[in-house]
Amino acid sequence: MSSEKVVTRFPPSPTGYLHIGGARTALFNWLFARRRGGVFILRIEDTDRERSSNEATEAIIESMKWLGLDWDQGPFFQSRRYPLYNEMIERLIVSGRAYYCDCSPEDLERRRKEAMARGLKPKYDGRCRERGLGPGPGTVVRLKSPLSGVTHFEDLIKGPIRVSNDELDDLVLRRSDGSPTYHMAVVADDVSLGITHVIRGDDHVNNTPRQIQIYEALGEKIPHYGHVPMILGPDKTRLSKRHGAMSVLAYRDMGYLPDALINALARLGWSYGDQEKFSREEMVEKFSLESVGRSAGVFNFEKLLDLNAWYMRESDVEALSEAVIPFLEKLGVERPDKSFLVKAVGTLKMRSKTLVDLAKDALFYFQDEISYESSARDKFLVSQVAVPMRELQKALSRIEGFDQLALEKAFEGFLAASGLTLKAIAQPLRVSLTGRTASPGLFEVMEVLGKEMVLKRIDKALAFIEGK
RNA sequence: GGUCCCAUCGUCUAGCGGUCUAGGAUAUCGGCCUCUCACGCCGGAGACACGGGUUCGAUUCCCGUUGGGACUACCA
């Protein structure tokens, strides 16, 4: 491709949170711009004042930041750029490529129905095209679009797409209240921001010829287009609130790492041979629109979970510890000691799949009084284990350095002397120390907990057994 | 209804005419490892929607059928 400077943009409308479909579109734009050493712009499409909100805008920005999709320019707000749109619309009127129309919405609706009843296309009939109307109340401005010919473009993902012009009607550019319509605003902004590549959802394929007509009327250079397929819900219908867990921020709150979500999103639609895991740098290096698939896909939650677990395992333990703090706090653990937390997380990062799980799994480290899972308690804290546990406790109390190595040695001695197997004592001890039947290795747990806490918990378990 | 887009294991995908008795990942089922749970390792089951062409040869190219999806507003 040419050496032109690449400029892409992500233009969400702030009518709700940023969902994973939008996030993927943003990601692809970001990836493409970064790959080509170009510019990535964030633009907020808030021309629909009714449905737009500041909360949504903030949520979108927060989501972008959390995902690490940094933008070079913006955010631009369409609501503050009306003069630009009006200027462009004036240009079109002056050059005769747009005209005023005073057909009322009700009238239009009636004519549409009539047309449909007669088996015709429900498009604008061009009534005001040649009336030479001027501005006035209740008037809109429409594009004078070509009556014949075809509009075509080369989609970077889907290949050549052509639409007969008689499928397209004279779309409204400016509403009667003076505001620009979506199509007008998009084109005007893309022109003025110098957008070279429009990478957006599949649902815009049909809009593209319309927008190209506006470019042509304006005499502006048409950008390259790439339409990425939709993301579907598990039932293969378009992703919506119905499918739950839509918002990017919801994934953050469910304890997913941004890198894992990004990786999962990238691999939904894009591929690089058989490779599944990509660092950001690798993604940027290897991304191309040619290797984005053309068919819609279902978001695979199980795969995200697996990826997240992998990213957690690969994480630096310090960073992971930092990340889990808010989740621990939610569970009532306040200001955990940093070095203790790091040690605790070190024993768990191989086994927890999300930060939420990690926090839950780590809870026993931080509780003064652990509670026993009822089934674990009933099965393992039974009278038969009281004697060996007491002996074990004695052996443990004699250990000098309470680290894994010393603990293992002490256990060897204890098991040899008592004739017990580790298997026989492991689960009762585990329940005593953690309250559960599943936990990190006993020696790891004990080292982190420390001698005092270990002896104390065994005391408590013995008291429980004997008190039964 | 019209227009446009799409179609490989349950899911995400590799495949860009012969290398395909179709590869990987995830999920699932066995087994190993083992103090539990994970991790890891080994193995199993599991897909080219259908029908026509083109070709010496189609998962791969073309057409049709079917099935999905999108758009068809003074929403974006």
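In this text the structure is predicted, and so the values were computed from the model without any measurement.
Between the side chain of A/R351 and the base of B/C39, no donor-acceptor pair of N or O atoms lies under 3.5 Å. The base of B/C12 sits within donor-acceptor range of the side chain of A/K303, with an N or O pair under 3.5 Å. At a cut-off of 3.5 angstrom, counting only N and O atoms as typed in the model, there is a donor on one side and an acceptor on the other between the side-chain of A/N207 and the base of B/A76.
Rounding to whole angstrom units, CZ of residue A/R210 and C1' of B/A76 are separated by 13 Å. Between the P atom of B/C39 and the CE atom of A/M312 lies a distance of 12 Å, rounded to the nearest Å. Look at NZ on A/K360: it is 20 Å from P on B/C37, rounded to the nearest Å. If you take CG of A/L265 and P of B/A25, they are 22 Å apart, rounded to a whole angstrom. Per the geometry, CD1 belonging to A/I161 stands 12 Å off C1' belonging to B/C71, to the nearest Å. As a whole-Å value, the separation of A/R430 CZ from B/U34 P is 15 Å. In this entry the distance linking CG of A/D169 with C1' of B/C74 reads 12 Å, nearest Å. As a whole-Å value, the separation of A/N263 CG from B/C12 C1' is 12 Å.
Looking at heavy-atom distances under 4.0 Å, A/E167 makes contact with sugar-phosphate atoms alone, never a base. At a threshold of 4.0 angstrom between heavy atoms, the contacts of A/H204 include nucleobase atoms, whether or not backbone atoms are also involved. A/P12 comes within 4.0 angstrom of no nucleic acid atom, judged by non-hydrogen atoms across all strands. Nucleic acid contact class of A/S164 (heavy atoms, under 4.0 Å, all strands): none. Nucleic acid contact class of A/S176 (heavy atoms, under 4.0 Å, all strands): base. Among the atoms of the strands shown, base atoms are found under 4.0 Å from some heavy atom of A/G441. Residue A/K353 is in sugar-phosphate contact alone, with no base atom involved, counting any heavy-atom pair closer than 4.0 Å across all strands shown. Note on A/F443: a base of the nucleic acid sits closer than 4.0 angstrom, heavy atoms only. At the heavy-atom level, A/L268 lies under 4.0 Å from the strands shown only through sugar-phosphate atoms. At the heavy-atom level, A/V140 lies under 4.0 Å from base atoms of the strands shown. Among the heavy atoms of the strands lying under 4.0 Å from A/D306 are primed sugar atoms or P, OP1, OP2 only; no base atom is included. The residue A/T437 sits close to a base: some heavy atom pair falls under 4.0 Å. Contact annotation for A/E276: base contact, defined as any heavy-atom pair under 4.0 Å involving a base atom. Residue contacts shown for A/R313 are limited to sugar-phosphate atoms, with no base heavy atom under 4.0 Å away.
Under the side chain to side chain contact (heavy atoms under 4.5 Å, CB included) rule, A/R294 has a single partner from A/V228, A/D202, A/I157, which is A/I157.
Rounded to whole Å, the separation between the P atoms of B/U60 and B/A27 comes to 31 Å. Atom name P, nucleotides B/A45 and B/G24: the rounded distance is 12 Å, in whole Å. Spacing between B/A49 and B/G68 at atom C1', rounded to whole Å, works out to 11 Å.
A/F76 carries A/R81 over the face of its six-membered ring, with the cationic atom under 6.0 Å from the centre and within 45° of the normal. In this structure, A/R142 forms a cation-pi arrangement with A/Y124, its terminal cationic atom sitting closer than 6.0 Å to the ring centre and no more than 45° off the ring axis.
A sub-4.0 Å separation between OP1 or OP2 of B/A76 and a side-chain N or O of A/T47 is present. Contact annotation: A/R436 does not reach the phosphate of B/A38 (side-chain N/O to OP1 or OP2, under 4.0 Å). Between A/K423 and B/U36, a side-chain N or O to OP1/OP2 separation shorter than 4.0 Å is present.
Comparing atom distances between the A/L422 side chain and each of B/C35, B/C74, B/C37 picks out B/C35 as nearest. Distances from the side chain of A/N300 to the nucleotides B/A73, B/U11, B/A14 place B/U11 closest. Here B/U36 is the nucleotide among B/U36, B/U26, B/C4 with the atom lying nearest to any side-chain atom of A/A438. Here the nucleotide nearest the side chain of A/L108, chosen from B/U3, B/C74, B/C12, is B/C74. Nearest to the side chain of A/R51, among B/C4, B/C74, B/A76, sits B/A76. Considering only the side chain of A/N206, B/U3 comes nearest among B/U36, B/A27, B/U3. The nucleotide whose nearest atom lies closest to any side-chain atom of A/R294 is, among B/A7, B/A76, B/U72, B/A7. Out of B/C35, B/G1, B/C74, the shortest distance to the side chain of A/A426 is found at B/C35. For A/K121, the listed nucleotide lying nearest its side chain is B/G2; candidates were B/G2, B/U36, B/A76. Side chain of A/Y182, nearest nucleotide from B/C35, B/A76, B/U13: B/A76.
Using a cutoff of 4.0 Å between basic side-chain nitrogens and carboxylate oxygens, A/R210 and A/D169 are scored as salt-bridged. Under a 4.0 Å N-O distance rule, the pair A/D107/A/R110 qualifies as a salt bridge. Using a 4.0 Å cut-off between charged nitrogen and carboxylate oxygen, A/R131 and A/D102 count as a salt-bridge pair.
Comparing A/R162 and A/G269, the nucleotide of RNA chain B nearest to each residue sits closer to the 5' end for A/R162. If A/P11 and A/M116 are placed on RNA chain B by their nearest nucleotide, the residue sitting closer to the 5' end is A/M116.
Looking at heavy atoms from C-beta onward, A/M246 lies in side-chain contact with A/Y17 at the 4.5 angstrom threshold. Looking only at side-chain heavy atoms (C-beta outward), A/D170 and A/Y99 come within less than 4.5 Å of each other.
In the model, A/K379 has no side-chain atom that pairs as donor or acceptor with a side-chain atom of A/Q427 under 3.5 Å.
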